[in-house]
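Every chain is numbered from 1, with letters handed out A, B, ... down the list of sequences.
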2 protein chains.
Amino acid sequence: MTHSEENYIKAIFHLASTGIEVISTNALAEKMETKPSSVTDMMRRLSEKGLVHYKKYQGVSLTTLGTKTALSIIRKHRLWEVFLVEKLGFTWDEVHEIAEQLEHIKSEKLIDKLDELLDFPKFDPHGDPIPGKNGEFMEHDNQLLSQLPIGSVALCVGVKDSSAVFLRFLDKNSIALGNKMKILEKEEFDNSLRILLDERELQISQQIASNLYVKKIEL
Amino acid sequence: MTHSEENYIKAIFHLASTGIEVISTNALAEKMETKPSSVTDMMRRLSEKGLVHYKKYQGVSLTTLGTKTALSIIRKHRLWEVFLVEKLGFTWDEVHEIAEQLEHIKSEKLIDKLDELLDFPKFDPHGDPIPGKNGEFMEHDNQLLSQLPIGSVALCVGVKDSSAVFLRFLDKNSIALGNKMKILEKEEFDNSLRILLDERELQISQQIASNLYVKKIEL
DNA sequence: ACAAATTTTTAGATTTGTCTAAATTTTTTA
DNA sequence: TAAAAAATTTAGACAAATCTAAAAATTTGT
Ligand SMILES: [Mn+2]
Ligand SMILES: [Mn+2]
Ligand SMILES: [Mn+2]
Ligand SMILES: [Mn+2]
């Protein structure tokens, strides 16, 4: 498989995991930042290789093989991200771009050894689960901070938007994975939240709150 | 620069460091396992980018920029090899292929951090020197074991042939970098050597002896 | 239900990197 | 030094991945 084919497979997987199971040419073109005609060409190729189900005008979805392939690439991507943060001291906003390159390195043994070096991590630096060697993958069933009722206490476990801009914003406000947060008040006007973050009181916009995954703590 | 361009640059550098300073199209084609016509095409492209000196029918050589580029790729290659051996437990015969892929990852910061993680190594697992961040590069002036006079004592510091077959042969015979060797006898018939390797006496063919770099120890 | 809008595909072009076969230039050798 | 041999380049083709513009299919709206 070429880098490009792998990137398409990954994009289809990501779009599919947002709910839609049949992906349109346009949606994929937008995700890949390319033109619909290029997508059509690539879908024909991936279809011939048995990685996607594709019928003209009918959209596209991953085959079992395609899904297995996607999980393997995502596994590599996320393990490399852990490596970059844990072993090389990169910050969580710097690693995605480099992992986009590293995920295409071909060596089963390499990724197994890396997994071992990192002590078999279950989550990447953004809180996303790392697929297992044999394709085991648990989607996290986490809630968004914006969905919690007032008074709830929860742990911050992941980010939905993992763009560098958002991550640096979180850094600036000392919001990190593992933080305990309690919802104090919800502003009706703009749906912003007043929360207690560890010891600190903080006002958070709806935009922020709907991009933070949390795990509720029962009291 | 594309992967292919980088591989050509590296190949030219390696051929040039064997003595010939102007590389012929055929020599490069053989090294790259491709056809001479493909080399001609690529040389025109690299020439336009200012990486090589190239005139039709006159062979090719690296410009200053080309040499800088080659050293940077070789630095990455060798640092990744050290990483694979030191941090992931690969053997020295397994790392070259993977490093061929990793050397093309683009991130200055990545390679600097990797250098630091590895504690700024000066040599790769095969005893080859690692170019510095700013292109400093000391060719090793080592002798070959086959060139030493009888009675000399030397340390094994590198391999000339670093093919997996040769490396595994050395493993099988417990010959490793750092070993102390003393030349006991040279067989006139086939130029094979009888050597004392640490405590052990060993017969070594001329083929082997001319692929081991050594550093003489003055007594 | 049918015209309009939207989506998707096709046709044809471009770039990179490769190939084969033919032409050209350089080197060798007689 | 001129023919033969070898090396190199050119010409033309192809696959991968992309693009633009045009055609075709599907969906939407009245
Ligand atoms: Mn990422
Ligand atoms: Mn990618
Ligand atoms: Mn190597
Ligand atoms: Mn390479």
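When the P atom of dT8(C) is taken as reference, atom CG of Asn26(A) falls 5 Å away, rounded to whole Å. Whole-Å rounding puts the Lys35(A) NZ to dT10(C) C1' distance at 17 Å. One atom, CD1 of Ile23(A), and another, P of dT8(C), lie 11 Å apart when rounded to the nearest Å. In this structure, CE of Met1(A) is placed 20 Å from P of dA15(D), rounded to the nearest angstrom. In this structure, OH of Tyr57(B) is placed 17 Å from P of dA6(D), rounded to the nearest angstrom. Atom CD of Glu30(A) and atom C1' of dT8(C) are 15 Å apart (whole Å). Rounded to whole Å, atom P of dT18(C) lies 5 Å from atom OH of Tyr8(B). As rounded to whole Å, 16 Å separates atom C1' of dT26(D) from atom NZ of Lys55(A).
A cation-pi arrangement is absent between Lys160(A) and Tyr213(A) under the rule of less than 6.0 angstrom and at most 45 degrees off the ring axis.
Ionic pairing of Glu103(B) and Arg75(B) is not present here: no N-O contact between side-chain nitrogen and carboxylate oxygen is shorter than 4.0 angstrom.
Summarising the geometry, atom CD belonging to Glu100(B) is positioned 10.0 Å from atom CG belonging to Leu102(B); distances are rounded to the nearest 0.5 Å.
The neighbour count for Lys35(A) NZ, taken as heavy atoms of other residues, nucleotides or ligands under 6.0 Å away, does not exceed 12.
In terms of phosphate contacts, Thr2(A) brings a side-chain nitrogen or oxygen within less than 4.0 Å of OP1 or OP2 of dA17(D). Applying the 4.0 Å criterion to OP1 and OP2 of dT9(C), one finds that Tyr54(A) has a side-chain N or O inside that range. Contact annotation: Lys56(B) reaches the phosphate of dT10(D) (side-chain N/O to OP1 or OP2, under 4.0 Å). Remark: Arg45(B) is in phosphate contact with dG17(C), judged by side-chain N or O atoms under 4.0 Å from OP1 or OP2. For Ser38(A) and dT18(D), the shortest distance from a side-chain N or O to OP1 or OP2 is not below 4.0 Å. In this structure, Arg44(B) reaches the dT10(D) phosphate: one of its side-chain N or O atoms is under 4.0 Å from OP1 or OP2. Applying the 4.0 Å criterion to OP1 and OP2 of dT18(C), one finds that Ser4(B) has a side-chain N or O inside that range.
Counting only heavy atoms from C-beta on, Met42(A) has its side chain closest to dA17(D) among dT26(D), dT9(C), dA17(D). Across dT9(C), dT9(D), dC19(C), the shortest atom-to-atom separation from the side chain of Asp41(B) is found for dC19(C). For Thr34(A), the side-chain atoms get nearest to dT18(D) when compared with the rest of dT8(C), dT18(D), dT9(D).
For Ser37(B) and dT18(C), a side-chain-to-base donor-acceptor distance below 3.5 Å is absent, hydrogens and geometry of angles not being considered.
Met181(B) has its side chain within reach of Val214(B): a pair of non-hydrogen atoms, C-beta onward, lies under 4.5 Å apart.
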